[in-house]
Amino acid sequence: RLRTWDSRSQVHEPVDRNFRQAFSELDRLKDKLAVGDAVIEKAAYVYRKALEKGLVRGRSISALVAAALYAACRDTETPRTLKDIANASNIKKKDVARCYRLLIRELDLKMPVVDPVKCVARIASKAGLSEKTKRKALEILKKAEEGKISAGKDPMGLAAAALYVACVMNGENKTQKDVAEAAGVTEVTIRNRYKGLKTHLKL
Amino acid sequence: MASRYIYRPFIKGSVPQTKPIVSIENVVASATVNQTVNLNLITQIFPDVEYHPDQFPGLVFRLRSPKTATLIFSSGKMVCTGAKSEKMAIQAVKNVVQKLKKGGIPLENEPQIEIQNIVASASLGGKIHLELAARVLPRSMYEPEQFPGLIHRMLDPKTVILLFASGKLVCTGAKKESEVYRAVGNLHTLLEEKNLMIYEG
DNA sequence: GCTTTAAAAAGTAACCT
DNA sequence: AGGTTACTTTAAAAAGC
């Protein structure tokens, strides 16, 4: 009887405390990242699964909460980058990424690949680009994706390059630096993706 | 002409068109001389070794041929990395033990050696549709924002393969060279069967 | 979990001319 | 712009924090 009581107080109760702490952290991140309730609910679901599988033992609760939130964003196609989650949670991007891959592996989660098309709107609004340029970038991305030049490339870099090319075509005065800064990639990456687009689309 | 008509059209897409080219890039072996070793004494006799016990308990003993780096621990256990084949890894450990003996380190036993991991690179005959592969290959992950290759965990032989859009790959986790060839062959066949390879030119 | 070793793949990044 | 170097990912062992 004492044994049964022990197993409840020392195992189940701390699990509840762990989840309460995780959920309050999720609430904090919810405001910082401005994500909806549905995303938070999914993140909480993923975190609970991780807890049940014992993936939290020996690991940082904060890092796993951040990773669960990133997984929820990916699953719902909510455009939040690893950098966004890392900055909001004060956890190294490398650690969030490592925990995210652990969740995918251990919980057998299947995530859709990040779509460059979804990156366009975010970059465009941050850089203050026109609707026409955004449309043109989407056309460019469409052709690029079908031409298989996107495999293995960072979706943000692809979207940034497409937007830069669209700016040039529409005569919108934005430098590579402006677009690179808004996308969180370097000018060198935009240049490299641009080379591929130029060759493939014979621009 | 009849035989050609029968074979070629049906072989396409169902049987590997080319044979993968495999290169063993790194072999990791562990060993033990079954006795303790005085690492400070080795440092005195071999000035080129690296030993920073506050940073890492192992002493780094580099060989120019076979080009390897062997970590030596005071327990007499070692880890040899950098060899290009199982044989070379074994030879490297024996060379290290021989050098220690000639340098005056009292070693009584021959080293017991075990291959722990083999890293290989390979090239399949064509490009890969990674995004599709990520969806149809079990135990695979493709995160282009984090790494350009698709990470696939094969069950038999138990290995991990990093597959790139170019059709080149890295296979790691095997303990025998034969497992590397089997893993690459398995993956090549799987990619062919699921039409995930793109042969051009 | 971290520390150290080696090596490949392809992409991105940082720093210098 | 370009070139270099360096870091991301994978596996595995060693002894100890």
Side-chain angles (χ1 to χ4, degrees), chain A residues 57-60 63 82 93-95 97-99 101-102 105 150-158 160 176 180 183-196, chain B residues 22-32 37 39 50-63 66-84 89 92-93 113-124 128 130 141-154 157-175 179-180 183:
Chain A
R57 287 180 184 177
R59 265 177 268 260
S60 150
L82 266 178
K93 178 184 161 188
K94 184 180 175 179
D95 293 328
R98 186 185 295 141
C99 288
R101 289 195 299 271
L102 177 85
R105 244 179 5 246
S150 30
K153 274 84 171 182
D154 179 356
M156 273 296 189
L158 284 167
Q176 290 185 358
V185 299
T186 64
E187 294 162 71
V188 178
T189 295
I190 289 187
R191 259 173 247 145
N192 289 336
R193 288 309 118 243
Y194 173 74
K195 285 176 191 169
Chain B
V22 179
S23 287
I24 304 296
E25 304 287 356
N26 182 25
V27 175
V28 180
S30 62
T32 177
V37 178
L39 300 184
E50 289 173 37
Y51 182 43
H52 306 292
D54 55 317
Q55 184 177 117
F56 188 70
L59 175 154
V60 184
F61 194 109
R62 294 168 198 283
L63 269 191
K67 190 190 173 198
T68 51
T70 298
L71 304 178
I72 304 174
F73 300 84
S74 58
S75 63
K77 292 188 175 181
M78 322 176 150
V79 173
C80 174
T81 63
K84 295 294 187 186
V93 172
I113 309 168
E114 251 187 288
I115 301 298
Q116 298 290 165
N117 183 30
I118 296 178
V119 181
S121 61
S123 182
L124 304 178
I128 314 292
L130 286 189
M141 184 181 329
Y142 172 50
E143 299 283 333
E145 329 82 276
Q146 296 175 44
F147 189 69
L150 164 324
I151 302 168
H152 179 253
R153 288 164 195 279
M154 189 174 285
K158 193 188 176 236
T159 51
V160 172
I161 292 176
L162 308 182
L163 181 62
F164 300 86
S166 64
K168 290 188 176 183
L169 61 85
V170 170
C171 173
T172 185
K175 281 190 158 56
E179 291 175 351
V180 171

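Mapped onto DNA chain C by nearest heavy atom, T68(B) and G58(A) fall at different nucleotides, with G58(A) at the one closer to the 5' end. Between N192(A) and N117(B), the residue anchored closer to the 5' end of DNA chain C is N117(B), taking for each the nucleotide with the nearest heavy atom. Closest-nucleotide positions on DNA chain D for V119(B) and F73(B) were compared, and the one nearer the 5' end corresponds to V119(B). Looking at which nucleotide of DNA chain D each of A97(A) and F56(B) is closest to, the 5′-most match is held by A97(A).
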Inset, instruction - Quick one: do V185(A) and R193(A) satisfy side-chain contact (heavy atoms from CB on, under 4.5 Å)? Show the steps, please. - result: CA-CA 11 Å; V185(A) 299; R193(A) 288 309 118 243; over 6 Å; no
Legend entry - Stepwise side-chain contact (heavy atoms from CB on, under 4.5 Å) check, L71(B) with V60(B): CA-CA 5 Å; L71(B) 304 178; V60(B) 184; 3.8 Å; yes
Legend entry - From CA spacing to verdict: side-chain contact (heavy atoms from CB on, under 4.5 Å), R191(A), Q176(A): CA-CA 8 Å; R191(A) 259 173 247 145; Q176(A) 290 185 358; 3.1 Å; yes
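When the side-chain nitrogen and oxygen atoms of R105(A) are compared with OP1 and OP2 of dT9(D), none of them lie within a distance under 4.0 Å. OP1 or OP2 of dA13(C) has at least one side-chain nitrogen or oxygen of T189(A) nearer than 4.0 Å. Distances shown here put a side-chain N or O of S75(B) below 4.0 Å from the OP1 or OP2 atom of dA15(D). Between T186(A) and dA13(C), a side-chain N or O to OP1/OP2 separation shorter than 4.0 Å is present. Considering only side-chain N and O atoms, R57(A) lies nowhere under 4.0 angstrom from the phosphate OP1 or OP2 of dG1(C). When the side-chain nitrogen and oxygen atoms of R193(A) are compared with OP1 and OP2 of dG11(C), none of them lie within a distance under 4.0 Å. Contact annotation: K195(A) side-chain N/O to dG11(C) OP1/OP2 distance is not under 4.0 Å. Of the side-chain N and O atoms in K94(A), one or more sit less than 4.0 angstrom from OP1 or OP2 of dT8(D). In terms of phosphate contacts, K93(A) brings no side-chain nitrogen or oxygen within less than 4.0 Å of OP1 or OP2 of dA13(C). When the side-chain nitrogen and oxygen atoms of R62(B) are compared with OP1 and OP2 of dA6(C), one or more of them lie within a distance under 4.0 Å.
Within 4.0 Å (heavy atoms only), G149(B) reaches no atom of the nucleic acid at all. Contact annotation for S23(B): no contact, since no heavy-atom pair falls under 4.0 Å across all strands. Residue contacts for V27(B): at a heavy-atom cut-off of 4.0 Å it reaches no nucleic acid atom on any strand shown. Base contact: V79(B) has a heavy atom under 4.0 Å from a base atom.
Here the C1' atom of nucleotide dT9(D) and the CZ atom of F147(B) are 4 Å apart, to the nearest Å. With rounding to whole Å, K67(B) atom NZ is found 8 Å from dA8(C) atom P. The CD1-P distance, from I151(B) to dG11(C), rounds to 15 Å in whole Å. When rounded to the nearest whole Å, the span between NZ of K77(B) and P of dT5(C) equals 21 Å. Summarising the geometry, the separation between CD1 on I72(B) and C1' on dT4(C) is reported as 14 Å, rounded to the nearest angstrom. Q116(B) places its CD atom 10 Å from the C1' atom of dA14(D), with the value rounded to the nearest Å. Between H52(B) atom NE2 and dT3(C) atom C1' the separation is 13 Å, expressed in whole Å. The CZ-C1' distance, from R153(B) to dT10(D), rounds to 7 Å in whole Å.
Across every non-hydrogen atom of P157(B) and E179(B), the tightest pair is CG-O, 3.3 Å. Here the closest non-hydrogen pair linking L158(A) and S150(A) is CD1-CB, 3.4 Å. In this structure, P148(B) and G152(A) approach most closely via the heavy-atom pair CB-O, 3.3 Å. In plain terms, the two heavy atoms of V180(B) and A120(B) that are nearest each other are CG1-CB, 3.6 Å. The two residues V93(B) and M78(B) come nearest to each other via the heavy atoms CG1-SD, 4.5 Å.
Aromatic ring centres of F164(B) and F147(B): separated by under 6.0 Å.
The backbone N or O of G82(B) sits less than 3.5 Å from a side-chain atom of N26(B), completing a donor-acceptor pair. Counting only distance, with no hydrogens or angles, the side chain of K168(B) and the backbone of A122(B) share no donor-acceptor pair below 3.5 Å.
Proximity of residues 161-174 of chain B to DNA chain C (heavy atom under 4.0 angstrom from any strand atom) is restricted to L162(B), F164(B), S166(B), K168(B), V170(B).
Comparing the same atom, P, in dG1(C) and in dT9(D) gives a spacing of 13 Å after rounding to whole Å. Comparing dT4(C) with dA6(D), their P atoms are spaced 15 Å from each other, to the whole Å. Rounded to whole Å, the separation between the P atoms of dT8(D) and dC2(C) comes to 12 Å.
Closest contact between the side chain of R191(A) and the listed nucleotides dA13(D), dA1(D), dA13(C) involves dA1(D). Side-chain proximity of K153(A) to the nucleotides dA8(C), dT5(C), dG11(C) is greatest for dG11(C).
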Inset, instruction - Give DNA chain C the dot-bracket treatment, 5' to 3': Watson-Crick (N1-N3 with N6-O4 or O6-N4) or G-U (N1-O2, O6-N3) under 3.5 Å, [ ] crossing, | other strand. - result: |||||..||||||||||
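In summary, of the residues considered (V22(B), I161(B), V119(B)), a side-chain contact (heavy atoms from CB on, under 4.5 Å) with C171(B) occurs for I161(B) alone.
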